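Below: the structure, in structure tokens.
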Amino acid sequence: MRIIATALVTLAIIIVNRPVPDPAAQERPPVIDMHLHADLPPYDVPPGSPALCRPAPCEGTGQSTADDADTLARTIEVMDRYNIVKAFLSGVDADTVQDWVEASPDRFIASPFIVEPGHPDVETLRKAYEAGRFGGLGEIATQLSGVTPADPALEPYFALAESLDIPVLIHTAGIGPYLPKFRVEAGRPVELEAVLTRHPDLRLFVENAGYPFRDQMIAMMYQYPQLHADVSTITWVVPRTAFYDYLEAFVRAGLGKRLMFGSDQMRWPAKIGEGIEAIEQAPFLSPEQKRDILYNNAVRFLGLDEVAK
Ligand SMILES: [Zn+2]
């Protein structure tokens, strides 16, 4: 009896003394998010709405944030939890972008969201770059207005970005928001050929690797070694099977060093973690390939010497 009692006391001591897992202590390796939004691209989402999903019929999960300030606070929380040390941050409203930069200095590459050529105009942007307010260009989302990448109205933007040697994110893909002027046809990756031949030093990366224009995008990446791509919205907006098929095709094609993780987070910060975990759980990726997509490729693309761990 005494032996049993002693054993129980010992067990109780072990249980009481067992360290409680501290989320902060569970150190995650660093991640770079190459596609984050400070505010919402040109459509409204009522607070509490489920996340976007494709293809219909489908049901999005989660709940959208209450407002821009809520998006900021909850995104920073998720970034801390997943050790996201840098993010390419796109914003429609320059003041909102500034709020983010002030909330976490040195973490964001601030960048203007462009849905219509001319807004903002190139001269306004040039001054903003000179003043150090932006470090990237895009997302250029003029496909949402039916404007192709090769449209002459975009030419001065690419020329400016090439002269400044800054990263440029463009939405050239087969899917996007349900907007009246959105055109699938304006998102074919071969539309980028005129831009890349005119601007060979442009540091361009393409949203969702042009999903689902796989063959065109692979051809473009083979032919234009400077061209990079993110895997962002497709980590959560399409079925996981569709994302894995697409990702695996690019990795098997040998392009695993030119894909970069992005969350394309708009108003659903929980999707950032889901996207990271989609990469981490991909059964066909080696640990090295996962680190490349989540971090190493972006370090190289951005020309970062070192990033805080
Ligand atoms: Zn986006």
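Scope of the values below: all heavy atoms of this structure, side chains included, with no hydrogens, waters or symmetry mates. First listed ligand is number 1; within each ligand, the first listed atom is number 1. Because the structure is a prediction, the values reported are computed rather than measured. Nothing fancy with the numbering, it's 1 onward along the sequence.
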Query - Atom name of the N, O or S atom in E139 that lies nearest to the Zn ion (ligand 1) - result: OE1

**Report entry** Closest approach to the Zn ion (ligand 1) by H35, given as the N, O or S atom name
**Finding:** NE2

Report task. Test the R54-Y211 pair against the cation-pi criterion, namely NZ or CZ under 6.0 angstrom from the six-membered ring centroid and within 45° of the ring axis. Result -> no

Requested in this report: Taking the six-membered ring for Trp and the single ring otherwise, decide whether the centroids of F108 and F88 are under 6.0 Å apart.
Outcome: no

Query raised in the report: Does the separation of the ring centres of F250 and Y246 fall below 6.0 angstrom?
Result: yes

Query raised in the report: Quick one: angle H37 NE2 - the Zn ion (ligand 1) - D264 OD1, to the nearest 10°?
Result: 80°

Report task. Assess whether side-chain hydrogen bond (donor to acceptor under 3.5 Å, both in side chains) is satisfied between E277 and Y82, documenting all intermediate values. Result -> CA-CA 10 Å; E277 287 168 21; Y82 282 87; 2.5 Å; yes

